[in-house]
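Positions are given from 1 along the sequence. Both ligands and their constituent atoms are indexed starting at 1 by order of listing. For clarity, every value in this text was computed on a predicted model and none was experimentally measured.
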Amino acid sequence: MTDFPFDRCAVLGTGLIGGSLAAALRQHAPGCTVVGFDRPHVLERAEERGLIDAKAASMGAAVDGADLVILAFPPAKIASAMEPLAPHLTEGAVVTDVASVKQAVVDQAQEVLPEHVTFVGGHPMAGAETAGVDAADPILFENAAYVLTPTDDTPSEALSNMRAVVEVVGATPVVLAPEAHDRIVARVSHLPQLLAVTLVQHAAESNDDALALAAGGFRDLTRIAESPFDLWREIFVGNQGSILDALADFTRRLQRVQRQVAMGDMDALEDDFAAAQDARARLPEEAAGLMRSVHDCTVRVPDEAGALHAISKPLADANVSVRNIELLRVRDGTGGTFRLSFRSREALHTALDVLNAAGFDAQAA
Ligand SMILES: NC(=O)C1=CN([C@@H]2O[C@H](COP(=O)(O)OP(=O)(O)OC[C@H]3O[C@@H](n4cnc5c(N)ncnc54)[C@H](O)[C@@H]3O)[C@@H](O)[C@H]2O)C=CC1
Ligand SMILES: O=C(O)C(=O)Cc1ccc(O)cc1
């Protein structure tokens with residue numbers, strides 16, 4: 001790629017996010033050499049998986065000569081790595097990070113990074129419930145929002161070069177002040193994480209059989225309850241103020257809902273449903289990441305050998321690629337139902353046409 005503004009990128013922390021960024025850069029900015037640094041066994045794995053071009057034995061060696069430095073450690077380690085890194089940074093380098101909370105990292109960068117580099121905070125709004133180098137995937141950022149948090153001092157060239165990084169990995173840049181970012185993610189990411197965990201616990205502890213009755217809605221709403229705590233511990237500590245504000249606001253809303261239910265105020269609840277439907281329709285069509293909500297359909301098939309082939313063949317013939325196939329249920333004698341997921345609304349609609357034309361009962365899910 002000729003107009004990619006960086007030649008040598010150091011990725012410090014080659015886990016889920018760093019490994020995915022490294023791999024996406026290798027794929028889409030082939031002129032840029034990607035050097036990784038992590039714990040030796042992780043780095044070994046990153047190289048084995050082809051996520052990086054080269055391994056560095058130390059942080060200093062990784063950033064030596066790098067015009068782009070991506071800090072992709074856990075948040076506290078990102079902040080604590082800056083000071084020891086400072087003397088090794090190359091003049092003119094752009095330093096960025098991926099931490100889920102921005103104000104503290106931006107403050108730390110302003111305090112300890114040398115004048116001759118520019119720090120631009122970043123946060124890809126894409127992730128997965130599994131961490132680590134083995135979960136890294138260059139497709140992770142496709143269609144994701146990717147927040148950049150420049151300050152008043154950030155030179156416009158550094159910001160536009162970071163936009164190029166975001167775009168080359170398939171994401172959409174969203175520029176926000178660090179404090180605005182932290183307030184927003186408290187509501188769309190940190191509070192939902194706490195609610196998912198609380199919902200699962202609330203149901204599971206109410207009755208031994210409760211989870212056996214949970215349908216798709218409960219599953220959709222609680223997917224992120226499987227996320228590992230290690231990262232979240234740092235997020236809850238790092239964004240405590242905004243999370244407490246969001247919790248207080250949310251508690252007031254929940255109390256209002258409680259009053260509406262108690263008073264049988266269906267008009268008020270209907271208004272809430274309408275407002276939520278309206279707002280949800282404005283969610284980005286392709287939400288972020290590997291775990292994004294996908295375009296699904298269900299297909300009923302007869303109980304006979306070769307059923308999966310019978311579905312996949314006409315789709316392959318029509319050049320429709322399937323992201324995921326899940327067998328939802330099988331009943332002896334009466335057949336089964338598959339759930340198929342596609343990457344886009346267009347692919348889903350083509351698939352529905354193809355499958356129905358082939359004689360299946362396929363419906364958008
Ligand atoms: N997991 C997610 O869904 C998202 C995470 N983030 C941010 O990305 C950053 C990394 O998170 P993940 O990639 O999920 O975690 P991860 O655990 O997959 O990756 C972190 C990497 O840092 C390395 N590391 C940690 N301490 C180290 C040390 N002292 N020396 C050398 N290497 C060390 C680990 O070995 C690991 O490979 C965090 O700052 C997080 O806030 C941002 C968006 C989404
Ligand atoms: O998988 C999901 O839906 C997520 O919300 C993942 C996620 C986790 C942490 C972040 O800072 C950003 C995104």
ask   = Looking only at heavy atoms of S227, does any of them come nearer than 4.0 Å to an atom of ligand 1?
value = no
query = With the threshold set at 4.0 Å, does a side-chain nitrogen-carboxylate oxygen contact exist between R259 and D265?
reply = no
note = Among non-hydrogen protein atoms, atom 43 (C) of ligand 1 lies closest to P124 O, 3.2 Å
note = From the list T298, V322, V301, side chain to side chain contact (heavy atoms under 4.5 Å, CB included) partner of F338 resolves to V301
query = Looking at ligand 1, does any of its N/O atoms fall within less than 3.5 Å of an N/O of F73?
reply = yes
query = Side chain, backbone, both or neither: which part of E234 has a heavy atom under 4.0 Å from ligand 1?
reply = neither
query = To which protein heavy atom is atom 21 (C) of ligand 1 closest, and what is the distance rounded to 0.1 Å?
reply = D38 OD2, 3.6 Å
ask   = Looking only at N/O atoms, are S100 and ligand 2 under 3.5 Å apart anywhere?
value = yes
query = Looking only at N/O atoms, are I17 and ligand 1 under 3.5 Å apart anywhere?
reply = yes
remark   = atom 19 (O) of ligand 1 has as its nearest protein heavy atom G15 CA, 3.4 Å
note = Note: L231, heavy atoms under 4.0 Å from ligand 1, region reported as side chain
note = The closest protein heavy-atom partner of atom 8 (O) of ligand 1 is V98 CG2, 3.3 Å
ask   = Quick one: are L195 and L221 in side-chain contact, heavy atoms under 4.5 Å?
value = no
Residue selection (non-hydrogen contact nearest atom 29 (N) of ligand 1) among M59, K77, K102, R45 = K77
ask   = Which heavy atom in N356 sits nearest to a heavy atom in A362, and how many Å separate them?
value = OD1-N, 3.0 Å
query = Any ion pair linking D317 and K313 (charged N to carboxylate O, less than 4.0 Å)?
reply = yes
key: NZ/NE/NH1/NH2 to OD/OE distance under 4.0 Å, K102 and E179   = no
task = Measure from atom 15 (O) of ligand 1 to every heavy atom in S80, A131, S100, G238 and give the option owning the shortest one.
result = A131
query = At the 4.0 Å heavy-atom cut-off, does V133 count as touching ligand 1?
reply = no
Region of R223 engaging ligand 2 - heavy atom pairs below 4.0 Å = side chain
task = Measure the distances from the heavy atoms of H123 to every atom of ligand 2 and state whether one is below 4.0 angstrom.
result = yes
query = Can an N or O of W232 be found at a distance shorter than 3.5 Å from an N or O of ligand 2?
reply = no
query = Below 3.5 angstrom, do we get any N/O pair linking T14 and ligand 1?
reply = no
ask   = Any sub-3.5 Å donor-acceptor pair from Q108's side-chain atoms to A79's backbone N or O?
value = yes
request  = Give the minimum heavy-atom separation between K55 and V35, together with the two atoms involved.
outcome  = C-CG1, 4.4 Å
query = What is the nearest protein non-hydrogen atom to atom 44 (C) of ligand 1, stated with its residue, atom name and distance?
reply = A126 O, 3.0 Å
Basic-acidic side-chain contact under 4.0 Å: D245, R183 = no
inquiry  = So, regarding G132 and ligand 1 (criterion: nitrogen or oxygen to nitrogen or oxygen, under 3.5 Å), is there a contact or not?
reply    = yes
remark   = Note: heavy atom closest to atom 25 (C) of ligand 1, options A81, P74, A99, belongs to P74
key: Residues D137 and S20: side-chain donor-acceptor under 3.5 angstrom   = no
query = Within the structure, does I78 bring an N/O atom to less than 3.5 angstrom of an N/O atom in ligand 1?
reply = no
